[in-house]
Amino acid sequence: VDIFINGKTIVTLHSNKLQAIAEYFKKTNKEKSVYAKKIVTPFDIFINLLAAQYNDCYHMMDHITKDTDDIDDEIYKDSQSYVVKKILRTKINIINFRKIIIHHKSLIQKLSASKSDFLKSGNHQEQLSEQIYQLIDIWQNIDILKEAIEALNRTNESFISHKLNYIIKILTILSVVLFTLTMIATVFSMEVPGDPLSEMTYGFWVAIGILAAVGFSIVVYFKKKKWF
């Protein structure tokens with residue numbers, strides 16, 4: 001929203017999509033008789049618009065907090081793709097939120113430090129100071145949300161890494177077992193003189209038994225070593 005203000009006039013330019021501003025002007029239009037009895041300056045309206053927007057920031061932070069709670073609930077479930085998308089979306093929302101607050105913080109501080117006679121009149125400095133305190137509170141809350149989402153992102157990455165390491169470990173064990181069995185089967189399949197299995201009636205089943213015993217022994221060995 002763009003705001004132009006002087007001692008007698010205030011002009012706002014916006015797309016009418018900011019709910020806080022729309023509700024403020026809707027309220028003032030309904031209560032024209034009340035405002036007519038008060039001495040309301042353009043600067044008072046400016047402060048009220050800022051306050052309305054900053055109060056709306058708390059609703060936005062509640063929404064982001066709910067998103068972080070949802071991520072915390074889903075992070076240990078088997079829905080990593082959903083969690084990653086949710087984390088990225090929440091991080092983008094927090095980054096955009098911080099950009100907006102930084103610009104507002106800089107603007108209010110410049111206004112507060114201004115030596116304009118217009119700003120020195122009445123209690124304008126006190127009103128600006130109140131908005132600065134509110135901005136500081138909002139900024140601190142955003143920082144907490146930023147740290148929370150970064151911690152959740154690290155936790156999710158660690159969980160994915162642990163899962164991937166476990167899968168690689170299982171595949172490695174299977175490769176070792178299959179390689180050993182393939183090597184033994186290759187030896188048994190060699191047609192050389194003196195092969196005892198080829199002369200036995202149940203030579204095939206003996207070979208199967210040997211392969212099964214070797215495979216089982218390797219799995220038991222890995223299990224005792226707590227490799228899986």
Side-chain angles (χ1 to χ4, degrees), residues 56-103 137-228:
D56 195 52
C57 286
Y58 290 101
H59 297 295
M60 296 171 65
M61 287 189 290
D62 289 340
H63 179 72
I64 295 175
T65 301
K66 185 179 180 302
D67 287 341
T68 56
D69 291 340
D70 291 341
I71 293 169
D72 192 24
D73 293 336
E74 294 289 335
I75 201 166
Y76 297 108
K77 297 179 182 178
D78 194 15
S79 54
Q80 255 61 52
S81 59
Y82 167 79
V83 172
V84 170
K85 291 178 182 177
K86 189 87 172 178
I87 288 175
L88 290 177
R89 186 163 58 248
T90 304
K91 288 181 74 174
I92 290 172
N93 289 338
I94 291 175
I95 290 170
N96 291 333
F97 203 164
R98 284 168 59 87
K99 286 180 180 178
I100 293 170
I101 298 302
I102 284 174
H103 292 312
D137 182 61
I138 292 171
W139 183 260
Q140 289 173 345
N141 280 279
I142 295 173
D143 271 348
I144 292 172
L145 291 172
K146 178 176 174 287
E147 291 175 4
I149 196 64
E150 287 177 350
L152 287 171
N153 186 44
R154 288 193 297 269
T155 302
N156 187 56
E157 288 178 348
S158 297
F159 186 70
I160 292 174
S161 177
H162 174 74
K163 230 177 145 181
L164 185 61
N165 289 338
Y166 181 77
I167 292 172
I168 293 174
K169 186 186 294 184
I170 294 299
L171 291 175
T172 303
I173 291 172
L174 287 175
S175 299
V176 171
V177 172
L178 291 175
F179 174 77
T180 305
L181 297 181
T182 302
M183 184 177 63
I184 296 173
T186 302
V187 172
F188 286 158
S189 64
M190 295 173 61
E191 295 181 359
V192 293
D195 182 5
L197 294 180
S198 61
E199 299 175 359
M200 295 174 61
T201 305
Y202 300 103
F204 172 77
W205 296 110
V206 171
I208 294 295
I210 293 172
L211 292 175
V214 171
F216 180 75
S217 300
I218 294 173
V219 172
V220 170
Y221 175 78
F222 287 155
K223 189 69 176 177
K224 284 185 177 181
K225 290 289 185 179
K226 297 181 180 180
W227 290 354
F228 71 97

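What you are looking at is a predicted structure, and each value in this text was computed from that prediction instead of being measured.
- For Asp72, the salt bridge (Lys or Arg N to Asp or Glu O under 4.0 Å) test picks out no residue, with sequence neighbours left out.
- Under the rule for a side-chain contact (heavy atoms from CB on, under 4.5 Å), the partners of Ile168 that lie at least two apart in sequence or sit in another chain are Leu164, Thr172.
- Note that CD1 of Ile102 and CD1 of Ile142 are 8.5 Å apart. Values are rounded to the nearest 0.5 Å.
- One finds the CD1 atom of Ile94 at 11.5 Å from the CD1 atom of Ile144 (value rounded to the nearest 0.5 Å).
- Looking at Asp70 and Lys66, a side-chain N of the basic residue comes within less than 4.0 Å of a carboxylate O on the acidic one, giving a salt bridge.
- The salt bridge (Lys or Arg N to Asp or Glu O under 4.0 Å) contacts involving residues 86-100 comprise Asp67-Lys86, Arg98-Asp143, where partners must be two or more places apart or lie in separate chains.
- For the atom pair Phe222 CZ and Leu174 CG, the distance stands at 10.0 Å (nearest 0.5 Å).
- Of all heavy-atom pairs spanning Thr182 and Leu178, the tightest one is OG1-O, 2.6 Å.
- With contacts defined as side-chain heavy-atom distances shorter than 4.5 Å, the pair His59/Asp56 qualifies.
- At least one side-chain heavy atom of Ile101 sits under 4.5 Å from a side-chain heavy atom of Cys57.
- Between the OG1 atom of Thr90 and the CD1 atom of Ile95 there is a distance of 11.0 Å, given to the nearest 0.5 Å.
- For Tyr82, there are no side-chain hydrogen bond (donor to acceptor under 3.5 Å, both in side chains) partners at least two apart in sequence or on another chain.
- One finds the NZ atom of Lys146 at 9.0 Å from the CH2 atom of Trp139 (value rounded to the nearest 0.5 Å).
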Give the table of side-chain donor-acceptor pairs shorter than 3.5 Å for residues 152-160, with sequence neighbours excluded, one pair per line with atom names and distance.
from   : atom 1 : to     : atom 2 : distance (Å)
Thr155 : OG1    : Ala151 : O      : 2.9
Ser158 : OG     : Arg154 : O      : 3.0

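- Looking at every heavy atom in both residues, Leu181 comes nearest to Gly215 through CD2-N, 3.8 Å.
- Using a 4.5 Å heavy-atom threshold, the side chains of Asp137 and Tyr58 count as touching.
- When the side-chain hydrogen bond (donor to acceptor under 3.5 Å, both in side chains) test is applied to Lys85, no partner is found at least two apart in sequence or on another chain.
- Counting heavy atoms from C-beta outward, Ile149 and Ile64 have side chains that stay 4.5 Å or more apart.
- A distance of 6.0 Å separates CG of Asp62 from OG1 of Thr65, quoted to the nearest 0.5 Å.
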